[in-house]
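One structure is given below, encoded as structure tokens.
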Amino acid sequence: MSLFSVSREEAAARDADDPLSEFRERFDLPSDRYMDGNSLGPISTDAERTLERVVDEWRERAIEGWTEGEQPWWHYAEYLGDRLAPYVGADPEEVVIANSTTVNIHTLIGTFLDHVADTPGAVPADESPVDASGNVVVANELDFPTDHYAIRAQFRQRGLDPDEHLRLVESRDGRTIEQEAIEAAMDDDVGILFMPTALYRSGQLFDVEALTELAHDHGALAGFDAAHSVGAVPHEFGAADVDFAVWCSYKYLNAGPGAIAGLYVNERYHGLTPALPGWWGNEKESQFDLELTYTPEQSAGAWQVGTVPMLSAAPLEGSLDLLDEAGIDRIRKKSLELTDLLATLVEDLSAAGYDYAVGTPEDDDRRGGHVAVEHPDADRVSQALRERGVVVDYRPPNVIRICPAPLYVGFAEVFDVADHLRAVIDEGAHQEFAESEGVS
Ligand SMILES: *Cc1c(COP(=O)(O)O)cnc(C)c1O
């Protein structure tokens with residue numbers, strides 16, 4: 001008798017009924033079990049098509065591509081911002097693609113620090129649409145590190161001690177951050193609550209609306225790093241009245257390694273001068289007047305810095321064609337079903353005495369697109385899985401991240417992945433590997 005409470009046949013039957021199963025053939029996968037789409041989404045024929053179109057335009061039209069491209073390059077960042085807006089529930093002019101996520105954190109945290117009353121040299125409150133006073137930023141100890149590097153640097157540049165001004169909410173269990181703990185960190189000295197929409201390690205999904213309300217109740221702004229949810233989880237930043245957000249395009253948006261990032265700025269802040277101004281964020285109409293004074297574009301486009309990197313933006317267009325066709329609500333629904341199945345099978349393993357545990361919240365509303373499978377030997381188990389063609393990643397100290405991305409992973413494959421988790425231990429396959437160093 002199998003130790004799993006769901007059989008492979010039952011899982012395969014769900015694939016037969018799955019309206020999204022047809023999308024798999026649109027992707028080129030390096031392995032039949034690619035479970036790492038939360039780290040780097042795979043290439044699709046759609047993404048390749050738009051990339052190749054832009055390469056052809058470069059070859060055939062060169063400089064004229066700026067105005068004569070099928071989607072003129074000159075407006076491409078705004079065009080793709082419009083296309084992304086529905087994925088975050090925003091108005092088109094509130095979203096643009098620009099920079100990398102890290103750079104976007106620098107410019108947005110910097111911009112808003114310049115507008116909260118207690119920052120040295122802040123823009124006077126009566127000249128600013130920003131209604132926040134404190135200059136403490138609340139983040140959390142389970143954040144992706146780059147976010148903290150950027151925030152700390154922005155404090156230093158304003159003569160503020162990062163150790164005093166960056167307040168980290170602690171985790172009780174090392175996996176998740178509790179709403180009460182965030183509430184306890186909010187005081188009158190807080191200017192910005194900056195949180196992930198989903199934690200990169202455990203996959204805990206936060207309640208964006210509740211956190212935004214919490215921040216606003218304390219006279220603070222609410223900003224989000226949505227790198228681990230855009231393209232997997234629908235967002236309603238506008239309805240929730242979020243102040244600003246950033247995300248990347250190479251995870252669930254499948255736009256390619258280092259693809260251009262995205263950002264959202266609530267329209268009430270359009271017209272502010274960004275902390276990292278550049279000519280690409282200058283008012284479009286006067287950009288080529290080449291004046292030496294900067295005039296911000298009256299949209300999120302102002303937070304662009306330099307020239308839109310067309311070759312790292314073009315794949316996003318095709319990828320969005322595919323995502324639009326699949327529909328984000330169907331994507332989210334299947335993602336929840338896949339992660340639920342995976343968590344169930346991992347629980348079966350732990351009930352049977354294996355050292356696996358699920359580190360991701362059970363509740364659908366609290367779960368992003370991946371499952372954190374914990375094991376004391378996670379590093380070596382991850383390597384053994386990869387050798388078997390199950391592409392996962394390891395995050396110290398004990399997490400195997402497994403992402404059954406709904407556009408190219410099916411239910412039977414999730415079963416197979418769980419069975420590999422079992423087999424690696426049964427066969428001691430992980431013991432042949434050394435602890436890894438560097439990138440895993
Ligand atoms: C992936 C990720 C980033 C990556 O930032 P880059 O500037 O694209 O390297 C930042 N923050 C979070 C939470 C992430 O998951």
Side-chain angles (χ1 to χ4, degrees), residues 36-42 77 80 84 87-88 96-110 137-154 166 168-169 171 175-177 192-206 208 211 222-233 235 237 242 244-264 275-276 303-306 308-309 311-313 315-316 319 359-360 367-372 392-396 399 401-403 405 438-440:
D36 222 353
N38 58 326
S39 212
L40 180 65
L80 286 182
L84 271 167
Y87 288 84
V88 295
V96 75
I97 55 160
N99 315 311
S100 66
T101 302
T102 308
V103 170
N104 288 337
I105 297 170
H106 275 287
T107 186
L108 284 163
I109 292 285
V137 173
V138 170
N140 77 81
E141 66 170 359
L142 300 180
D143 275 326
F144 192 72
T146 203
D147 299 40
H148 291 201
Y149 305 160
I151 296 166
R152 294 176 73 89
Q154 291 305 316
L166 180 60
L168 299 186
V169 180
S171 165
R175 299 163 167 160
T176 55
I177 300 287
I192 303 173
L193 173 62
F194 188 68
M195 288 288 289
T197 49
L199 286 174
Y200 79 99
R201 206 185 280 119
S202 71
Q204 177 193 5
L205 186 68
F206 290 94
V208 167
L211 290 180
F224 290 91
D225 182 335
H228 263 276
S229 61
V230 173
V233 180
H235 284 299
F237 291 160
V242 169
F244 65 96
V246 301
W247 59 89
C248 60
S249 306
Y250 51 80
K251 293 172 180 163
Y252 293 106
L253 291 172
N254 307 318
I260 192 164
L263 63 84
Y264 154 89
L276 304 179
W303 279 268
Q304 296 174 84
V305 181
V308 58
L311 301 182
S312 73
L316 180 58
S319 189
T360 304
R367 200 163 79 245
H370 74 268
V371 176
V392 297
D393 63 29
Y394 161 64
R395 289 292 176 268
V399 173
R401 291 193 309 182
I402 304 183
C403 174
V439 175
S440 66

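Throughout, numbering of the chain's residues begins at 1 and tracks the sequence. As the structure lists them, so they are numbered: ligands from 1, and atoms in each ligand from 1.
Remark: F144 engages T146, D147, Y200 in a side-chain contact (heavy atoms from CB on, under 4.5 Å) (not counting sequence neighbours). Taking T176 as the reference, D173 meet the side-chain hydrogen bond (donor to acceptor under 3.5 Å, both in side chains) condition, with sequence neighbours excluded.
In this structure, D36 contributes its side chain and G41 its backbone to no donor-acceptor pair below 3.5 Å. Proximity of a side-chain donor or acceptor of D225 to a complementary backbone N or O of A227 within less than 3.5 Å is detected.
Note on residues 245-258: no pairs pass side chain to side chain donor-acceptor pair (under 3.5 Å), not counting sequence neighbours.
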Walk me through whether H228 and H370 qualify under side-chain contact (heavy atoms from CB on, under 4.5 Å).
CA-CA 9 Å; H228 263 276; H370 74 268; 4.2 Å; yes
Within the protein, flag every N or O under 3.5 Å from an N or O of ligand 1, and note the pair and distance.
{"unit_1": "ligand 1", "atom_1": "7 (O)", "unit_2": "T101", "atom_2": "N", "d": "3.4"}
{"unit_1": "ligand 1", "atom_1": "7 (O)", "unit_2": "T102", "atom_2": "N", "d": "2.9"}
{"unit_1": "ligand 1", "atom_1": "7 (O)", "unit_2": "T102", "atom_2": "OG1", "d": "2.5"}
{"unit_1": "ligand 1", "atom_1": "8 (O)", "unit_2": "Y250", "atom_2": "OH", "d": "2.7"}
{"unit_1": "ligand 1", "atom_1": "9 (O)", "unit_2": "Y250", "atom_2": "OH", "d": "3.4"}
{"unit_1": "ligand 1", "atom_1": "11 (N)", "unit_2": "D147", "atom_2": "OD1", "d": "3.2"}
{"unit_1": "ligand 1", "atom_1": "11 (N)", "unit_2": "D225", "atom_2": "OD2", "d": "2.8"}
{"unit_1": "ligand 1", "atom_1": "15 (O)", "unit_2": "H228", "atom_2": "NE2", "d": "3.4"}
{"unit_1": "ligand 1", "atom_1": "15 (O)", "unit_2": "K251", "atom_2": "NZ", "d": "2.5"}

